[in-house]
Visitor: 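Before we start, here is the structure in question, set down as structure tokens.
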Amino acid sequence: MENPTTPSLGSVPEKPTIDGLEAAWVPRWNEKNVYGFDATATRDQVFSIDTPPPTVSGSLHIGHVFSYTHADAIARFQRMRGRKVFYPMGWDDNGLPTERRVENFFGVRCDPSLPYDPSFEPPAKPGDQKISISRKNFVELCQRLTATDEEVFKELWQRLGLSVDWKLEYSTISAHAQEVSQRAFLNMLQRGEVYSSEAPTLWDVDFRTAVSQAELEDRERPGAYHRVRFERSDGIGGIDIETTRPELLPSCVALVAHPDDARYQPLFGTTVRTPLFQVEVPVVAHELADPEKGSGIAMICTFGDTTDVTWWRELRLPTRALIGRDGRFLPSADFGGDQWPCADVAAANENYAQLAGKSANQARTAIVELLTTSGALIGEPRPITHPVKFYEKGDRPLEIVTSRQWFVATMPHREALLARGEELNWHPDFMKHRFKSWVEGLNGDWCISRQRYFGVPFPVWYRIDGDGIINFDEPIVAEAASLPIDPSSDCPPGFAEPQRGQAGGFIGDPDVMDTWATSSLTPQIAGHWGTDLFERVFPMDLRPQAHEIIRTWLFSTVVRSHLEFNSLPFTNAAISGWILDPDRKKMSKSVGNVVTPMGLLDTHGSDAVRYWAASGRPGTDTAFDEAQMKIGRRLAIKVLNASKFALGRLEGAPIPGVDAITQPLDRDMVAALGQLIDETTKAFEQYDYARALERTEQFFWAFCDDYIELVKIRAYRTESPAETASARASLALALSVLQRLLAPFLPFVTEEVWSWWHADSVHLAEWPTRDELGTAGDPNGSYEAVRDALAAVRREKTTSKVSMRAEVELVTVTNDAATIERLRRAEEDLKDAGAVRTVAYVEGAANYVVTLAPPAES
RNA sequence: GGGCGCUUAGCUCAGUUGGUUAGAGCGCAGCCUUCACACGGCUGAGGCCGAGGGUUCGAGUCCCCCAGCGCCCA
């Protein structure tokens, strides 16, 4: 390595401190465009990162700091290796979380039927009663709030030291992101990969929107098995079924048992009558029926759960849906209609009247009463606890409601998607199983439409025929050049605004896209799909993210890229773990709210918090541990002090090159340094930042505690120029290498100390290589042998309760010949570091006898 | 029910193709008012590597089985 500089330490503070380094360096990095992407770089020179866009309406928690630090360490490593790093930051502002926050923050509610009010201003303080506003007004408030959220997030990210190129900032609600979303949607439509259909869909009755399988979660809820008797149509006996949802009895379309179930085999093909409603339903066979569950025979209703939907579809059963979009039973049912044969319509309607307008819970109470009275309820309901499907952000169990939705046809591509999962490099590798089991468990196409307001609209309209019937099958698509459009305010080609909603006219698609339908396009959005830039960054090199969104973000991105480009969207996925409470439980809200990321950065310093984060191994859940941050802080301070001291030894004269490294101790230390470079480089190449940090840290402390101590006097000594030069060259080399190896983890303190002897940023310096060591490295065992002897001297001083500066009269080293030779060649260093006067050597089993000098007369 | 991961010192964790007396940090104890660092330094005491079985000259490391914890999927 060349060291043309003569350190001039005029800029080194007398008492250096790590406090305030963030405030000093963030603006300078911005000014000097240290992290700017070189948009002229060719694809092979680029390292591109598909940064997760955080949901801005949520607050950033410590888990974000954790995983974003991991990605940043990798970005910094790649940048120092000479790659042109494409590291954007996006904001995910679409979707329900933002809507909810806007409703609460401003005290408003969206009513799409209202006209836009350009002069609307929300009240200074939200009132008890929410104000209804138009969709456009609502969206404006969403944008206003997310804009301020984004500023707060950006400040935190900069403070944390993320080496993002802020010129590449994007948001998922921007016109650009909308344009990309709509274009990608239209491409899929053209290729037949997306379709709309009136079908049973998972439905949240509070948000009144469809949700997708990826947004489900099971929650254990109390319920009860109700044993209900159906009378056989032939009049010879009844069949008892068990159900947790007796209120769906009027929606019953069949009974089902396993085809191999001998108890029910004779009944397949026969019919039974539902109690209370006297509807004749068949007894059918299907393998999904569980003989172990309840009485082994179940009622199929349209629709109680997703299994009902499967049975309904595969067995071609009629539809008798009775739950509305508000989760309440419809006002009436068509008993006796074409699809609804009924032996006693009057009784059925009378009983149904007890359910009409009620919620599921209320209806359950009512029907249990009716069943009890009629004698069809056998025994008492048996309480159980069972998993119930919820929308992850919802408070009431999901219903299944038939509605028109847009779907991406994922099911035909399952095998191909599984192959994509295999093709992707997962870090750690075992995370691939999450993807695999998710794809294998898919039970339907991906529903991407949401009946919400704040999101990307579908760029289509529908013709209304002369009779006022909407033709959903042949949507009018927006012209590519016009994107992005909002079909609720923009007019389709060939129509005029007055024709909206009129017979013979058109109507816009009312829905918005699922948030994942947009964020699955982050490579296209960030990389400006369609421009020259995209070719330079796609497929991305790295997707860093947490494991909880493998089934959503990672999966959906793979789907979109597979369909659009027939490739993976990124070649590597680095999956971060979760932050757990110190008691190993999932981080609780209460703790997360008390311990804000910004507060931690204030208390410990950004480098310290990053140190804690980078200590968490890839994919491993990590305990929230402020003690670890204190250790990181200590390391940062040590970097500061050790650098100051070492540079002080180098001051005043040119630093010799590596050819000057001639002393065995120095050459052995440099050999170890070379090994460290190999190890950390390899670890980083495998995305194992934690190992790189651990090894570097370990080396660094030994370097400070032992090597600097051993050579600090020699580096000053003038009577033996070669030995002095060797010490000075080695110190400079090791210091330079260590500062650079630590730079991805401790960007602030390393930049500070680097600036004391370099003009350019350490973050643009070259990642250390063995080449720069020249032939200086020579693994000869001296470093370890001398450290061992020094430890023996220190041990004696400690047990004798004297200062480390106390003089030692004699050290008698007993050891094998080779070790003795190593020590002999570094004897002066040992004497310097241990204040030793004489060293004697004896061959034999390893032992040190340290004789302290009598205390000096004072 | 299927799958994945974890179980090593009081705590948090390393331990990369199996190789001599198992490592680090924190904490703890003791010492050192040291001229880079008291936001420090030095030294030390702590472990039959979750249980059982197997392969091997040799197992924390490989195989089988069991248990506990966590997560993913159904």
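Below, chain A is the first sequence line, B the second, and so on; all start at residue 1.
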Visitor: Taking the P atom in each of B:G5 and B:C62, what is the distance between them to the nearest angstrom?
Guide: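 Per the computed distance, 12 Å lies between those P atoms.
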Visitor: Salt bridge or not for A:Asp688 and A:Arg691, using N-O below 4.0 Å?
Guide: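 Looking at A:Arg691 together with A:Asp688, the answer is yes, because their closest N to O distance falls below 4.0 Å.
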Visitor: NA contact type, A:Lys432, heavy-atom cut-off 4.0 Å: base, sugar-phosphate, or nothing?
Guide: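 Answer is nothing: A:Lys432 stays at 4.0 Å or more from every strand.
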Visitor: I'd like a table of atom pairs between the protein and nucleotides 14-24 of chain B - only N or O on both sides, under 3.5 Å - with the distance next to each one.
Guide:
residue, atom, partner, partner atom, Å
B:A14, O2', A:Glu694, OE1, 2.9
B:A14, O2', A:Glu694, OE2, 2.9
B:G15, OP1, A:Arg691, NH2, 3.0
B:U16, N3, A:Arg691, NH1, 2.7
B:U16, O4, A:Arg691, NH1, 3.2
B:U16, O4, A:Arg695, NH1, 2.8
B:U16, O4, A:Arg695, NH2, 3.2

Visitor: OP1, OP2 of B:C73 versus side-chain N and O of A:Arg551: anything below 4.0 Å?
Guide: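 Affirmative; the distance criterion is met.
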Visitor: Give the rounded distance in Å between these two atoms: CD1 of A:Ile18 and P of B:A36.
Guide: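 That distance rounds to 20 Å.
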Visitor: Taking OP1 and OP2 of B:G44, is either one under 4.0 Å from a side-chain nitrogen or oxygen of A:Arg795?
Guide: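 Affirmative; the distance criterion is met.
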Visitor: For B:C49 versus B:A24, give the span between their C1' atoms, rounded off to a whole number of Å.
Guide: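 15 Å, rounded to whole Å.
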Visitor: Take the protein atom CZ of A:Phe430 and the nucleotide atom P of B:C72, then report the distance between them rounded to whole Å.
Guide: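 These atoms are roughly 13 Å apart.
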Visitor: If you measure from the C1' atom in B:C31 to the same atom in B:C6, how many Å do you get, rounded?
Guide: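 It works out to 39 Å between them.
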Visitor: Would one find a side-chain N or O of A:Gln213 under 4.0 angstrom from OP1 or OP2 of B:A74?
Guide: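 Yes, such a contact exists.
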Visitor: Of all of residues 701-710 of chain A, which get a heavy atom below 4.0 angstrom from RNA chain B, listed by number?
Guide: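 Result for residues 701-710 of chain A: A:Trp701, A:Cys704, A:Asp705, A:Glu709, sorted by number.
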Visitor: Verify the contact: side-chain N or O of A:Lys389 to OP1 or OP2 of B:A74, cut-off strictly under 4.0 Å; return yes or no.
Guide: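 Checking A:Lys389 against B:A74: no side-chain N or O falls below 4.0 Å of OP1 or OP2.
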Visitor: Is the glycosidic angle of B:G30 within 90° of 0, making it syn, or outside that range, making it anti?
Guide: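 In terms of base orientation relative to the sugar, B:G30 is anti.
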Visitor: Which residue, A:Trp438 or A:Ala642, contacts RNA chain B at a nucleotide closer to its 5' end, judged by nearest heavy atom?
Guide: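 Result: A:Ala642.
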Visitor: Relative to each other, are the rings of A:Tyr689 and A:His70 parallel, tilted or perpendicular (30° and 60° limits)?
Guide: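 Rings of A:Tyr689 and A:His70: parallel, as their planes differ by under 30°.
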Visitor: Looking at A:Lys644 and A:Glu651, does any basic side-chain N land under 4.0 Å from a carboxylate oxygen?
Guide: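 Judged by the 4.0 Å cut-off on N to carboxylate O distance, A:Lys644 and A:Glu651 do not form a salt bridge.
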Visitor: Take the angle between the ring planes of A:His286 and A:Trp311 and call it parallel below 30°, perpendicular above 60°, tilted in between.
Guide: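 Ring orientation of A:His286 relative to A:Trp311: perpendicular.
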Visitor: Listing request: all salt bridge (charged side-chain N to carboxylate O under 4.0 Å, His left out) pairs with a residue in residues 671-680 of chain A, at least two apart in sequence or in separate chains.
Guide: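 Qualifying pairs: A:Asp678-A:Arg770, A:Glu679-A:Arg695.
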Visitor: Verify the distance criterion only: is there a donor paired with an acceptor across the side chains of A:Trp757 and A:Gln739 at less than 3.5 Å?
Guide: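 Side chains of A:Trp757 and A:Gln739: pair found under 3.5 Å.
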Visitor: Does the protein touch nucleotides 25-32 of chain B at the base, only the backbone, or not at all? Give it as B, S and - per nucleotide, heavy atoms under 4.0 Å.
Guide: SS---BSS
Visitor: Output all residues satisfying salt bridge (Lys or Arg N to Asp or Glu O under 4.0 Å) with A:Asp429, sequence neighbours left out; order by chain, then residue number.
Guide: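 Testing A:Asp429 for salt bridge (Lys or Arg N to Asp or Glu O under 4.0 Å), a comparison that skips the adjacent residues, returns A:Lys432.
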Visitor: Cation over ring, A:Arg634 on A:Trp701, under 6.0 Å and within 45°?
Guide: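 A:Arg634 over A:Trp701 ring: yes.
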Visitor: Is A:Asp832 salt-bridged to A:Arg717, going by a charged N under 4.0 Å from an acidic O?
Guide: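 Salt bridge flag = yes for A:Arg717 with A:Asp832.
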Visitor: A:Ala690 near the nucleic acid: base, sugar-phosphate alone, or nothing, with a heavy-atom cut-off under 4.0 Å?
Guide: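 The residue A:Ala690 makes no contact with any strand.
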Visitor: Output the pairing pattern of RNA chain B as a dot-bracket string, 5' first, Watson-Crick or G-U wobble with both distances under 3.5 Å, | for cross-strand pairs, [ ] for crossing pairs.
Guide: (((((((..((((.....[...)))).(((((.......))))).....(.(((..]....))).)))))))).
Visitor: Are A:Lys831 and A:Glu828 within salt-bridge range, i.e. N to O under 4.0 Å?
Guide: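 The answer is yes: the pair qualifies as a salt bridge.
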Visitor: With A:Arg543 as the cation and A:Trp553 as the aromatic partner, state whether NZ or CZ is under 6.0 Å from the six-membered ring centre and within 45° of the axis.
Guide: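 Relative to the ring axis of A:Trp553, which defines the angle, A:Arg543 lies inside both limits.
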Visitor: Taking the side chain as every heavy atom from C-beta outward, state whether A:Glu392 and A:Leu216 have any pair of such atoms under 4.5 Å apart.
Guide: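 No, side chains not in contact.
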Visitor: Using 30° and 60° as the class limits, which term best fits the ring planes of A:Phe684 and A:Phe745: parallel, tilted or perpendicular?
Guide: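 Answer is parallel, since the angle falls under 30°.
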Visitor: Give one of base, sugar-phosphate or nothing for A:Arg633, where a contact means two heavy atoms less than 4.0 Å apart.
Guide: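 A:Arg633: base contact, heavy atoms under 4.0 Å.
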Visitor: Rounding to the closest angstrom, what is the interatomic distance between B:C42 and B:U33 at atom P?
Guide: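 So the two P atoms sit 15 Å from each other.
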Visitor: Salt bridge check, A:Asp666 against A:Arg714: does any charged N sit closer than 4.0 Å to a carboxylate O?
Guide: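 Yes.
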